[in-house]
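Presented below is the structure to which this report refers.
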Amino acid sequence: SVGDRVGLLVEGRGAAWVVQNGRRVVKSPCDIPTQVPLYAVVDLLGNTAGVSLLPGARPPISFHRGTAGRYVAISKDGLSATHKDPTGYEMRGLAFLSDPLPLFEEGAYFEVRVDQVCAGHDDGLTLGISTMMPDVDDSGLLAADTVHE
């Protein structure tokens, strides 16, 4: 829903959790490697049309303009990503954060706020982690499930 805060926490030993409005809601079935830099990934699809990074959650500086999907617009300040397809049917809604996630006492963490939604879709926002930043012209990345682990 608009206004929801959604984050991804990777604990020191690699356990990953989706955090919604401050509560851990889903644990990832697989652990994330923590001995390498981790890059945050946001996939705008279905009913999620726009999100903003939440600076209070201590995220990396901004979304990376050069690796944004074909249908993603990054705001001037780099803190918001908006899907340009108003129907919600187009893929290529990926947005990577510009720098590896910082490590905190609790682990690696980033959080976004849902700014816009599209009605009529069952799916929506996907958050993820990648151990590498894609090439700037990597046109093969359609959705989060095509991103390198």
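Any value given below was found using the heavy atoms of this structure, including those in side chains, with hydrogens, waters and symmetry copies removed. From a predicted model like this one, the values you see are computed outputs, not experimental measurements.
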Separation of [Y] [atom2] from [X] [atom1] (nearest 0.5 Å):
X    : Y    : atom1 : atom2 : value
S1   : Q20  : OG    : CD    : 8.0 Å
F110 : I129 : CZ    : CD1   : 5.5 Å
S130 : L97  : OG    : CG    : 12.0 Å
L127 : S28  : CG    : OG    : 12.0 Å
N21  : D4   : CG    : CG    : 4.5 Å
Q116 : L44  : CD    : CG    : 9.5 Å

ask   = Under a single-linkage definition using a 4.5 Å side-chain heavy-atom cutoff for Ile, Leu, Val, Met, Phe, Trp and Tyr, are F96 and Y71 assigned to the same hydrophobic cluster?
value = no

Identify the heavy atoms of [X] and [Y] that sit nearest to each other, and give their distance.
X    : Y    : answer
I74  : A81  : CD1-CB, 4.0 Å
Y109 : G7   : OH-CA, 3.7 Å
L125 : N47  : N-OD1, 4.5 Å
P33  : T131 : CG-CG2, 3.6 Å

ask   = Do L9 and R24 come close enough that some side-chain heavy atom pair is under 4.5 Å?
value = yes

request  = Evaluate side-chain contact (heavy atoms from CB on, under 4.5 Å) for L94 paired with V42, printing each intermediate quantity in order.
outcome  = CA-CA 6 Å; L94 289 174; V42 175; over 6 Å; no

key: Contacts of type side-chain contact (heavy atoms from CB on, under 4.5 Å), residue A108, not counting sequence neighbours   =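 Partners of A108 by the side-chain contact (heavy atoms from CB on, under 4.5 Å) criterion, ordered by chain and then number, come out as V10, L38, L101, L103.
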
query = Going through the checks in order, is the side-chain contact (heavy atoms from CB on, under 4.5 Å) test met by V6 and V19?
reply = CA-CA 6 Å; V6 184; V19 179; over 6 Å; no

request  = Only pairs at least two apart or in different chains count here, so list each salt bridge (Lys or Arg N to Asp or Glu O under 4.0 Å) that has a residue in residues 26-41.
outcome  =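 Sorted pair list comes back empty.
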
query = Would a distance-only check, ignoring hydrogens and angles, find a side-chain to backbone donor-acceptor pair under 3.5 Å from T34 to G12?
reply =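 Yes; judged by distance alone, with no hydrogens or angles, the pair exists.
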
query = Sequence neighbours excluded, which residues qualify as salt bridge (Lys or Arg N to Asp or Glu O under 4.0 Å) partners of D115?
reply =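 So D115 forms a salt bridge (Lys or Arg N to Asp or Glu O under 4.0 Å) with R113.
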
task = Could you walk me through whether E11 and W17 pass side-chain contact (heavy atoms from CB on, under 4.5 Å), step by step?
result = CA-CA 8 Å; E11 296 174 335; W17 290 88; 3.6 Å; yes

